[in-house]
Participant: 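First the structure, then my questions, so here it is.
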Protein chains: 2
Amino acid sequence: MHGDERIILERYLRERGLKMTHARETVLTAFLSLESHVSADAIHEAARKLDPGIGQATVFRTIKLLTDAGLAREACRDDNARLYEHAWNHAHHDHLTCVECGAVVEFVDSSIERAQEAVYRRFGFVSSGHRLELYGICPGCQAKKANSGL
Amino acid sequence: MHGDERIILERYLRERGLKMTHARETVLTAFLSLESHVSADAIHEAARKLDPGIGQATVFRTIKLLTDAGLAREACRDDNARLYEHAWNHAHHDHLTCVECGAVVEFVDSSIERAQEAVYRRFGFVSSGHRLELYGICPGCQAKKANSGL
DNA sequence: CATCAGCTGATAACGATTATCGATATCAAC
DNA sequence: GTTGATATCGATAATCGTTATCAGCTGATG
């Protein structure tokens with residue numbers, strides 16, 4: 001199931017003299033069991049269901065490892081807390097977020113990507129990544145608003 | 001000099017029964033005296049030079065007012081802290097940031113803007129704003145790297 | 001110049017993240 | 001399997017940015 005990710009992490013750890021432990025495997029499993037855009041707290045909660053002894057600090061430490069290993073990626077921030085999403089076998093994408101209900105649509109748009117490359121060229125930069133967040137009101141919330149009296 | 005912004009703020013405050021005070025005027029002046037992408041702490045520091053008695057809490061409170069009044073806008077986050085930029089007479093723009101030296105280029109690209117609108121239509125969303133951050137290495141840092149042995 | 005709602009600065013509280021520390025688990029070598 | 005050096009664990013304290021609290025103060029209005 002999640003064998004690929006486990007092997008990636010194990011190799012990453014071995015390469016720098018770190019160890020594969022129960023706790024780290026549990027956090028990885030918990031993270032993979034959740035949908036995109038999870039907080040450290042949500043991962044901690046999920047990990048506790050697999051092993052109630054998992055500490056909060058270990059979750060934070062392991063998330064950092066997962067990020068460095070290329071398995072997780074910081075997605076955005078829910079006002080205060082950082083949110084993470086899967087990065088392995090999940091191609092690059094941008095986010096379209098509903099400001100009313102919080103729904104998130106992931107999308108890729110080739111003309112946006114091309115236009116971004118043109119901007120890099122225009123200013124002589126070498127690209128190393130980008131973050132695009134579109135905010136708006138989703139069709140469902142538009143309908144809800146229209147029905148509720150406006 | 002900054003008369004426009006002062007009047008904007010004064011009107012905003014009056015409209016909701018709030019008061020124009022020394023402290024608020026000082027924070028506004030401090031904010032306007034700084035370049036784009038400032039932290040609350042930097043604004044506090046600048047405000048203290050104008051009036052050493054200005055408290056940190058007042059700076060946070062006033063930044064919120066400036067944001068609501070349309071004079072400031074949350075730009076991005078320097079890892080942990082929120083950063084703010086001028087929003088009055090500063091048209092919408094996106095950011096191109098050098099990951100080596102931190103330099104920020106502000107730009108507008110009409111084909112990116114158009115492509116974003118197409119994405120909104122594709123998913124039936126009504127737009128309410130977006131945030132685009134491009135990351136890369138600026139020409140200066142590319143040259144620095146090339147010279148230093150690579 | 002009195003009044004009162006709004007403001008102020010100091011300080012405590014808060015939540016997310018990070019550092020500390022003694023006890024424990026891991027892995028490689030025997 | 002045992003050992004041992006060392007990474008790791010969970011609990012807890014510490015940090016940092018931000019927000020809430022509160023007693024005293026200020027500014028617009030009459």
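The sequence lines fix the lettering, A, B, ..., with proteins before strands; numbering per chain opens at 1.
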Participant: Quick one: what's the B/S/- string for nucleotides 13-30 of chain D, heavy-atom cutoff under 4.0 Å, read 5' to 3'?
Facilitator: ----SBBBB-----B---
Participant: Please report the distance, rounded to the nearest Å, between CG in A/Leu65 and P in C/dT17.
Facilitator: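 For the pair A/Leu65 CG and C/dT17 P, the rounded distance is 16 Å.
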Participant: Donor-acceptor pairs under 3.5 Å, side chain of residues 54-63 of chain B to any protein atom, not counting sequence neighbours: which ones?
Facilitator:
{"from": "B/Thr58", "atom 1": "OG1", "to": "B/Arg61", "atom 2": "NH2", "distance (Å)": "3.4"}
{"from": "B/Thr62", "atom 1": "OG1", "to": "B/Thr58", "atom 2": "O", "distance (Å)": "2.7"}

Participant: Sort and list the pairs that fulfil side-chain hydrogen bond (donor to acceptor under 3.5 Å, both in side chains) and have at least one residue in residues 64-73 of chain A, not counting sequence neighbours.
Facilitator: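 Passing the test, one end in residues 64-73 of chain A: A/Arg73-A/Glu85.
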Participant: Going by salt bridge (Lys or Arg N to Asp or Glu O under 4.0 Å), name the residues that satisfy it together with A/Glu45, two or more places apart in sequence or in a different chain.
Facilitator: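 Result, salt bridge (Lys or Arg N to Asp or Glu O under 4.0 Å) vs A/Glu45: none returned.
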Participant: Under the rule for side chain to side chain contact (heavy atoms under 4.5 Å, CB included), what residues qualify as partners of B/Val105, not counting sequence neighbours?
Facilitator: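 B/Val105: side chain to side chain contact (heavy atoms under 4.5 Å, CB included) contacts with A/Phe123, A/Phe125, B/Leu96.
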Participant: Could you state the atom-to-atom distance from CD1 of A/Ile43 to P of C/dA16 in whole Å?
Facilitator: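 It is 14 Å, rounded to the nearest whole Å.
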Participant: With sequence neighbours left out, which residue pairs that include part of residues 16-44 of chain B fulfil the salt bridge (Lys or Arg N to Asp or Glu O under 4.0 Å) condition?
Facilitator: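 Applying salt bridge (Lys or Arg N to Asp or Glu O under 4.0 Å) to every pair that reaches into residues 16-44 of chain B, excluding sequence neighbours, yields B/Arg6-B/Glu25.
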